[in-house]
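For reference, the structure discussed in these notes is given below.
Proteins get letters first, then strands, A, B, ... in listed order; numbering begins at 1 in each.
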Amino acid sequence: MKISKSMGNLEIAKLFRAVAAAYALKEEDNKFRITAYERAADAVEHSSSEVKDLWDCGELGSLAGVGSAMTQHLDELFRKGRVKHFDQLFRGLPAAVFELMEIPGIGVKMAYKLCKALGINRTHGAVEKLERAAKRGKVRKVEGFGEESERNVLENIIQMRKRTTRILLPDAYRTAREVIDWLGETGGIKTAEPLGSLRRKASTVGDIDIAVFCERPAGVIKRFTQFPQVSQIIESGTESASIVVSRGIQVDLMVQPERRFGSLLQHFTGSKHHNIALRELALKRGVSLSEKGIKRGSTLKEFSTEEDFYGYLGMDWIPPELREDAGEIEAGISHKLPVLVELSEIKGDLHLHSSFNSEPSHDLGTSSMEDMIQKALTLKYQYVGFSEHNPSVSRHSESEIIDLVKTKREIIEKVNYSFANRGIFVFNGMEIDIKPDGSRALPDKALELLDYAIVSIHGSFGGEKTSQTERVIRAMSHEKVRIFGHPTARKLREREGVDLEWEKIFEFCHKQKKILEINSYPDRLDLPDVLVKEAVKSGVKLVINTDSHEVSAMDLMTYGTSVARRGWAEGSDIMNALKLADFKKELLNP
DNA sequence: GCCGTTTTCGGCCCGACTGTTTTCAGTCG
């Protein structure tokens, strides 16, 4: 196991998983040590802060699942770059084992057998070696394998290569809808629901989970495996099945009778960690949970609603967005769950790019202000704000920039006048680039002409944490700057966000009454949910915007609202849940 | 190896599906 100097969370998680695998091969009966390392790996992977940073501050203890032994190992890892105990554990174990485990359907036991029997040792080229062996009919001769599993190995290698990265929410919805439409009313289907991370509204979705409720599962499962775009049937049983559809996306199906609606909904929504925590809690109360219901001894009680299921455990119904085992179970028991913000509470959108030509260096909007305002009226908004990009600095003199901003102000005034009796108010904003040194790409004289400004990072994403933090704080330090737009500047599946000292940012925003944006664009969803939660805890106010460049994008508000909900935000945390009079006061005279 | 609102010892989530070693281990979610 090579560990690089940076030792990020992903690497540490990988190391812990390898340790778990190595213990699994030892055939000791202490299988709980194995799960302990797996759970620690999960905890590290999902930690919102870098484990190395936690170690620096002596706060490793705050990580649930990492106890004294692992703390000691991590201590050794960070000091010396390796852990003697782990090295001993890995001795005699082909490195290729961990490589082969990447193939679906191959776990540590099978990987080890294959490596030993076929003489695969090195990480490099391990999968190709296995593939060649399978093609030559050598895998079927390995103990525990046969012709069928040899075929599966080959097919799974192909699938692994095709496997796509996680997909964005709208794409996941589309695929789920296609599958559900295909199932139609087969087998007397009463309901079919997309669950899993899709229902929890995670920022990206790994696979698509669909629950079906009906009395005759056989026909449904058959129909499911005949989905036109199916590229592989992973498994197909009597009450569940898994397929791979185009682009390598896996779709899992579970079928239960309608009287078990509540328990299957709960089970299949997850998350895995939420379910594990819930089942552990249930055990302490002498009951056992599954998708079929709640068992006390051998008697099964069935649940037709999730509310009843959670209620039986003595807790309030938990909104799917919160089900990550991040305190929601405790809150559910003590009846202290937040009242999450709803899409219907949103009363305005402050990040719109109209087709007004501010002669920017970034993209212009394609819809007129009037069309966007009409759309806002159908969304029952009380206000909108137009925040086109600042005029390009390189192509304009300062006075030209000021003239452009003046022109826009006059247009906004006219627009406001013409919509005056339609019950909507238009704010005059602008989205301003934060330059690498933290200065703004708009002269202060022009800034004065605006109602408000959004500052955001559109370049120089790298760079060191402290200097980036100073950069952002400097950019925000003007009374007209009210909003920090898409704060991490991440692009999902494309680039990581900017590295910032969030505690400092939150503290600054709280003190100076600056607002952090939750950008609703599906490939941004920025501020990310985990940081929303921290921001809310720090008393920072948020605004949910769409960053629309055309009318149709204004419907994306639902995705940003989901991020807010996943961050435990209530209506009172969201600025644009305020009605116009209050919002105006907060925006213009904080 | 972790953890504690019945525990510092004695527990540790649940079940479906698959292929092979015909009674169950391995893998997955």
Under the rule for side chain to side chain contact (heavy atoms under 4.5 Å, CB included), what residues qualify as partners of [X], not counting sequence neighbours?
X        : answer
A/Ser49  : A/Ser47, A/Leu54
A/Glu76  : A/Lys80, A/Val83, A/Lys84
A/Ser240 : A/Met254

Does A/Arg91 pair with A/Asp87 as a salt bridge, N-O distance under 4.0 Å?
-> no

Ionic contact status for A/Lys272 with A/Glu38, cut-off 4.0 Å = no

Could I get the full list of ring-ring contact (aromatic ring centres under 6.0 Å, His included) partners for [X], not counting sequence neighbours?
X        : result
A/Phe224 : none
A/His273 : A/His46
A/Phe261 : A/Phe213

Taking only nitrogen or oxygen atoms into account, show me every contact under 3.5 Å that the protein makes with nucleotides 24-29 of chain B, one pair per line with its distance.
from, atom 1, to, atom 2, distance (Å)
B/dG26, OP2, A/Lys109, NZ, 3.2
B/dT27, OP1, A/Gly107, N, 2.8
B/dT27, OP1, A/Gly107, O, 3.1
B/dT27, OP1, A/Met110, N, 3.0
B/dT27, O5', A/Gly107, N, 3.4
B/dC28, OP1, A/Gly105, N, 2.7

Along nucleotides 5-10 of chain B, 5' to 3', which nucleotides get a B, which get an S, and which get a -, given that the test is a protein heavy-atom distance under 4.0 Å?
-> -B----

Let's see if you get this right: which residues in [range] place a heavy atom under 4.0 Å from DNA chain B?
range                       : answer
residues 36-43 of chain A   : A/Ala36, A/Tyr37, A/Arg39
residues 290-299 of chain A : A/Ser290, A/Glu291, A/Lys292, A/Lys295
residues 300-335 of chain A : none

Residues 155-166 of chain A vs salt bridge (Lys or Arg N to Asp or Glu O under 4.0 Å), sequence neighbours excluded, gives A/Glu128-A/Arg161, A/Glu131-A/Arg161

Pair assignment for B/dT8, Watson-Crick or G-U wobble, requiring both distances under 3.5 Å = none

